[in-house]
A.B. asks: 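I'd like to ask some things about the structure below.
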Amino acid sequence: MNTEILIQAIINGIMVGGIYAMIGMSLNMIFGVMKIVNFCQGELLMVSMYITYLFYSELGMEPFVAIPLVAVIMFGVGALIQSTMITRSIKEDGDQNVLFLTCCLGIFLSNTALLLFKSDYRTAESVFSNKVVSLGSMNISVPKLLGFVALCVTTVLIFLMLYYTKIGKQIRATSQNAIGAQVTGIRTKVVYACTYGLGAAIAGIAGACLMSYYYVYPAVGNIYGTRSFIVVTMGGLGSVVGAFFGGIGLGIMETVGSVIVGAAFKDTLVFIVFILILVIKENLNIRRRKG
Amino acid sequence: MADNYFQVDKINVKYGDIQVLWDVSFEAAKGEIIALVGSNGAGKSTSVKAASGLVKTCGGRIVFDGQEITGGNCRSFIDHGIILCPEGRQLFPQMTVLENLEMGACSKEAEAKKKDTIEKIYTWFPKLKERAKQMAGTLSGGEQQMVAFSRGMMGLPKLLLMDEPSLGLAPTIVDDIFRIAKRVSQESGLTIVLVEQDVRKALKLANRGYVLENGVINIQGTAQELLNNEEVKKAYLGI
C-alpha cells in the first residue's frame, strides 16, 4: 500500500476522531462524577445538531459561530434533564432505573425529532464547507480541522475548569468521594446538574462542529452513541484523557480500516477490534488480579 | 446536667423499612465533649449522621443554639456550624492534602480565614505540612485521619461530630488527635460529639457519655459514672 494514502488516512482519522473523542469525553464526565451510564448521549448530539441547523436555516448563522450558543443551550437542557428526571430516578440499591430512563429519553428525543423534522437529511452550509488545505500532497478538510481545533480547545477549557474553578474542584471532589463532598458542604445536587449540563454542552459543541460537514437526521445519534461506548471502552470508563485518545484511536481505526478492507467493511473491522479489546482487556485484568 | 446548647430529642431513623434508631436523645453543653459508645451496629454512626443532617430523621427534634434545625440537609447543618468527620475519613484521594483541607472551608467566614486555619492546623500536625502537596490517597491511615479531622476544623465548626476516629489506627495517633481535640475544645469552646468503639479511650476524653444498644440509649451519665458502671465494665471494658 501507498504510504501517502496511509498518512492521509491517519490524518483524516485524527480529524474524524475529534468528534468521537468529544462524545466519549462527555459520556465519561457524566459517568466519572455520577456513576451513571448515559444512554442518550448520541441523542443529545442529535438535538444539538438540529439546534445548529435551526440557527442556520432560520437566522442564517454559521455553524462554527453557533458553537457557544449551542453549548449554552445544551448545558441548560442537560441541567434540566438531570435535576427534573435523573435525580428522581436514582435509587440507593442499583442504577437500572437510570439506565432505562436515559434509554427511553433517547428514544423519545429521536422520535420527537422525527415528528418535527421528518426523516429528511438536512445540512447546514458553512463558509468552510468543501474547503481544503493542502500540506504537500496531503489534503485536510477545513471544517474537520476546525472541529479538531474545537476539540482541543474544549479539552483544555475543561481541564482548566476542573482544576482552577470552585465548581470544577467541587465536581472533582464529588466524583472522588460523594460522602466527603456532602460533609464539606458541597451541594451535590447542584454539582450533578452542572456535570450533566457540561456533558450535554460538550455534545453540543461536537454537534455544532459535525453539522458543518455532516448531515442531521433523527437517528444520527445511534451512530455516535454506539461509537461513544467503543471510545470509553478503549480509553477507560470515567477517564477524560482516556476518552480523548480513545476517540482519536477509533477515528484512525475507521479511516485506515476503510483503506485496507474497504469502506463497506470498516464498521465490521471496528467492532471486531472492539470485541478483541474487550476480551483481551478482561483477560489481562483477570491475570493481574491473580498475579 | 447540660444546658441545651445542642439537643437531640427523641429522634427516630429508618433505612427503608428497617428502623435503626428509637427515640434517641442526647445533649451537650457549649464546650462539652460527649461520647456515644456501644457495640457494632448499635446505631452510634447513624446517630451522628442524623445529628449532622447526612441522614433524615423521622420524628424527633434537633435543636442547636436555640434554633430548631430538624429536617435540614448536611449543608444547612454546616451553615449552622455543625460539621461531621465521617466514619472511614471520606477524603478526596486524588486531591492533595492542601486541596482536601481547602475543600473543608465551606462558609464565607471559613473561606476568608482559610490561610490562618491552615497555619494553625500545621502547628497541630507538622506532618501535614510536609505532606501538603501529596495526594491524600497515598497517606497512611493515621495521616488520613489527621486530614479528616483538620478538614472538619477548616469549616470553623461550633460543634464537631467525630465518627470512629480510631478505626484501624495506631493508639498513639489516636491519642494525638484526641489531645488536640480536647485542647481546641478547652481553648475555643468547641463542642464535640464523639462516637467510639474504644469505650475506655472515649470516656477518658469525654465529660459525659451515652451507651447505645440496638438503637436505644440504655445508660447515660458522666464519664466517671460510666467507667464505674457494672454493666459497662462487663460489656465494654472487659473487666
Side-chain angles (χ1 to χ4, degrees), chain A residues 25 28-35 82-83 87-97 158-195 235-244, chain B residues 15-16 45 48-49 51-56 72-96 98-111 114 135-137 144 147-157 160-163:
Chain A
M25 257 160 55
N28 261 352
M29 181 127 194
I30 292 170
F31 180 81
V33 179
M34 290 186 266
K35 316 291 178 247
Q82 154 65 26
S83 55
T87 188
R88 284 162 213 259
S89 72
I90 294 175
K91 284 205 314 195
E92 302 257 316
D93 56 347
D95 52 6
Q96 48 299 48
N97 275 358
I158 288 172
F159 267 89
L160 290 177
M161 189 215 62
L162 285 178
Y163 281 85
Y164 296 103
T165 67
K166 190 168 178 188
I167 183 71
K169 284 183 181 180
Q170 291 186 338
I171 289 175
R172 277 166 62 220
T174 309
S175 79
Q176 290 175 25
N177 193 323
I179 295 174
Q182 277 178 285
V183 301
T184 48
I186 293 171
R187 295 180 204 278
T188 44
K189 277 185 183 162
V190 176
V191 167
Y192 290 151
C194 279
T195 308
L237 199 55
S239 155
V240 173
V241 188
F244 184 93
Chain B
Y15 289 135
S45 268
V48 285
K49 279 183 188 157
S52 61
L54 198 58
V55 301
K56 291 265 174 289
N73 59 19
C74 221
R75 175 58 188 258
S76 72
F77 275 56
I78 290 172
D79 289 339
H80 280 98
I82 301 176
I83 291 179
L84 171 71
C85 285
E87 184 180 0
R89 308 182 279 265
Q90 314 296 348
L91 300 180
F92 308 120
Q94 280 116 45
M95 286 179 139
T96 65
L98 185 63
E99 279 178 306
N100 267 276
L101 293 180
E102 285 173 342
M103 294 309 295
C106 167
S107 66
K108 281 224 167 67
E109 197 197 350
E111 176 99 49
K114 200 159 75 176
M135 293 294 159
Q144 288 195 13
V147 177
F149 172 77
S150 306
R151 186 181 65 182
M153 293 305 295
M154 286 297 291
L156 305 176
L160 188 70
L161 301 140
M162 294 169 78
D163 193 357

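Chain naming here is simple, since letters A, B, ... match the order of the sequence lines and numbering starts at 1 in each.
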A.B. asks: Let's go through A:Thr184 and B:Met154 carefully: what are the C-alpha distance in whole Å and the side-chain angles of both, what is the deciding distance for side chain to side chain contact (heavy atoms under 4.5 Å, CB included) to 0.1 Å, and is it a yes or a no?
C.D. replies: CA-CA 9 Å; A:Thr184 48; B:Met154 286 297 291; over 6 Å; no

A.B. asks: Can you see which heavy atom on A:Lys169 is nearest to which on B:Glu99, and at what distance?
C.D. replies: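 So the minimum-distance heavy-atom pair works out to CE-OE2, 4.4 Å.
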
A.B. asks: Do you know which of B:Gln90, B:Met95, B:Gln94 makes side chain to side chain contact (heavy atoms under 4.5 Å, CB included) with A:Asn177?
C.D. replies: B:Gln90

A.B. asks: Can you check side chain to side chain contact (heavy atoms under 4.5 Å, CB included) on B:Glu111 and A:Lys166, steps first, answer last?
C.D. replies: CA-CA 12 Å; B:Glu111 176 99 49; A:Lys166 190 168 178 188; 4.0 Å; yes

A.B. asks: Below 4.5 Å from any heavy atom of chain A, which atoms of B:Pro93 appear? Answer side chain, backbone, both or neither.
C.D. replies: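 For B:Pro93, backbone and side chain are both near chain A.
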
A.B. asks: Is the count of non-hydrogen atoms from other residues, nucleotides or ligands lying under 6.0 Å from B:Lys56 atom NZ greater than 12?
C.D. replies: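 Buried by this count: over 12 neighbours within 6.0 Å.
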
A.B. asks: Considering non-hydrogen atoms only, spot the tightest contact between B:Ile78 and A:Val183 and give its length.
C.D. replies: CD1-O, 3.4 Å

A.B. asks: For B:Leu91 and A:Gln176, run side chain to side chain contact (heavy atoms under 4.5 Å, CB included): C-alpha distance rounded to whole Å, both residues' side-chain angles, the deciding distance at 0.1 Å, then the answer.
C.D. replies: CA-CA 8 Å; B:Leu91 300 180; A:Gln176 290 175 25; over 6 Å; no

A.B. asks: Considering non-hydrogen atoms only, spot the tightest contact between B:Cys106 and A:Gly185 and give its length.
C.D. replies: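 Closest approach of B:Cys106 to A:Gly185, heavy atoms only: SG-CA, 3.8 Å.
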
A.B. asks: For B:Arg151 and A:Gly180, which heavy atoms make the closest approach, and how far apart are they?
C.D. replies: NH2-CA, 4.0 Å

A.B. asks: Find the distance between CZ (B:Arg89) and CD1 (A:Ile179) and round it off to the nearest 0.5 Å.
C.D. replies: 13.5 Å

A.B. asks: Do the side chains of A:Ile186 and B:Arg75 get nearer than 4.5 Å, heavy atoms only?
C.D. replies: no

A.B. asks: Heavy-atom pairs under 4.5 Å with chain B: which of A:Arg172, A:Arg187, A:Gln170 has the most?
C.D. replies: A:Arg187

